[in-house]
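This report refers to the structure that appears directly beneath it.
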Amino acid sequence: MVKFQIKDVLKRVLFYELYFYFPKSEIIPTPEPFVGAINYNGKIFYVYVSREDNRDLIMYLKWKENRFSERIIVITESTEHVNPLMIHAQDMKLRTKTDQELMARDGGIYFHEEGKFVKEG
């Protein structure tokens with residue numbers, strides 16, 4: 001029997017809310033700490049759900065060093081929670097989406113530029 005903690009269920013709910021934005025895409029299983037990945041138009045987006053503590057993703061990126069160059073979407077309560085990741089993700093294609101915007105079906109997503117997160121048009 002498989003048992004999930006509440007935080008694990010929340011992560012998966014948020015993952016599927018994000019999946020809504022990628023019509024006709026494919027879900028791909030991923031290693032921890034990612035919830036899953038979405039293959040959309042031949043591009044793979046690894047999805048991570050952040051709840052203030054990003055140590056698991058920081059350790060993953062630290063140990064992968066320059067070998068992890070995939071696109072990452074971080075779902076977070078606030079883009080400020082993603083700032084500690086930036087030292088390990090400077091050369092990555094990192095995007096963020098807040099919980100609130102995700103649940104409101106707001107189409108915007110943030111990308112990192114010149115030390116801050118900017119909402120894409």
Side-chain angles (χ1 to χ4, degrees):
M1 182 165 152
V2 177
K3 292 185 179 183
F4 289 104
Q5 293 182 355
I6 292 173
K7 68 178 184 172
D8 295 326
V9 173
L10 174 62
K11 288 179 180 183
R12 282 151 183 82
V13 168
L14 291 170
F15 174 83
Y16 281 100
E17 286 293 325
L18 179 68
Y19 177 69
F20 169 81
Y21 289 93
F22 297 90
K24 299 181 182 176
S25 61
E26 174 186 13
I27 295 175
I28 300 172
T30 58
E32 290 286 333
F34 300 103
V35 179
I38 298 171
N39 184 349
Y40 182 68
N41 292 336
K43 297 176 183 173
I44 298 175
F45 298 88
Y46 284 74
V47 179
Y48 176 80
V49 177
S50 171
R51 293 287 156 253
E52 292 186 25
D53 181 12
N54 300 320
R55 284 181 280 175
D56 55 349
L57 182 56
I58 290 170
M59 290 303 292
Y60 183 86
L61 296 174
K62 180 180 175 182
W63 289 108
K64 288 291 182 179
E65 296 176 12
N66 296 328
R67 296 180 304 231
F68 190 84
S69 59
E70 303 294 336
R71 293 170 175 85
I72 299 175
I73 298 175
V74 178
I75 302 171
T76 183
E77 295 169 299
S78 167
T79 56
E80 292 175 13
H81 296 164
V82 181
N83 288 333
L85 294 173
M86 296 317 302
I87 194 165
H88 301 287
Q90 292 176 2
D91 298 326
M92 293 182 195
K93 297 172 184 168
L94 183 94
R95 301 287 190 264
T96 64
K97 182 87 173 157
T98 64
D99 297 354
Q100 197 171 34
E101 291 172 330
L102 189 62
M103 300 309 278
R105 305 273 167 132
D106 179 347
I109 196 163
Y110 296 89
F111 64 97
H112 196 260
E113 180 178 80
E114 298 179 10
K116 61 183 178 179
F117 283 95
V118 179
K119 193 170 186 177
E120 287 182 332

(request) Classify the ring geometry between F22 and F45 as parallel (under 30°), tilted (30 to 60°) or perpendicular (over 60°). (result) tilted

(message) Measuring only between side-chain heavy atoms, which start at C-beta, is K43 closer than 4.5 Å to I38?
(response) no

(message) To check you understand the geometry: which heavy-atom pair defines the closest contact between Y60 and P31, and what is its length?
(response) OH-CG, 3.8 Å

(request) Check whether more than 12 heavy atoms from other residues, nucleotides or ligands sit under 6.0 Å from atom CZ of R105, and answer yes or no. (result) yes

(request) List the atom of S50, the atom of V74, and the distance in Å for their closest heavy-atom pair. (result) CB-CG1, 3.8 Å

(message) Less than 4.5 Å apart, side chain to side chain, heavy atoms only: is that true for Y21 and L102?
(response) yes

(request) Output the distance between atom CE (M59) and atom CD (E32), rounded to the nearest 0.5 Å. (result) 15.0 Å

(request) Decide yes or no for V47 and F34: does some side-chain heavy atom of the first lie under 4.5 Å from some side-chain heavy atom of the second? (result) no

(message) If I take atom CZ from residue R71 and atom CG from residue L94, how far apart are they, to the nearest 0.5 angstrom?
(response) 12.5 Å

(request) Rounded to the nearest 0.5 Å, what's the gap from CG on D53 to CD1 on I58? Could you check? (result) 8.0 Å

(request) Locate the shortest heavy-atom distance separating P23 from Y40; write the atom from each residue and the value. (result) O-CE1, 3.3 Å

(request) Using a strict cut-off of less than 4.0 Å between a Lys/Arg side-chain nitrogen and an Asp/Glu carboxylate oxygen, indicate whether K119 and E101 qualify as a salt bridge. (result) yes

(request) Look up atom CD1 in I27 and atom CG in N39, then write down how far apart they are to the nearest 0.5 Å. (result) 11.0 Å

(request) Check the angle between the aromatic planes of F15 and Y19 and answer parallel, tilted or perpendicular using the 30° and 60° thresholds. (result) parallel

(message) Measuring from atom OG1 of T96 to atom CD of E80, what distance do you get when rounded to the nearest 0.5 angstrom?
(response) 11.5 Å

(message) Applying a strict under-4.5 Å side-chain criterion to I, L, V, M, F, W and Y, I'd like to know whether F20 and I109 cluster together.
(response) yes

(message) Distance check, rounded to the nearest 0.5 Å: M103 atom CE versus E17 atom CD?
(response) 4.5 Å

(request) Please tell me if the side chains of V35 and T30 come closer than 4.5 Å, counting only heavy atoms from C-beta onward. (result) no

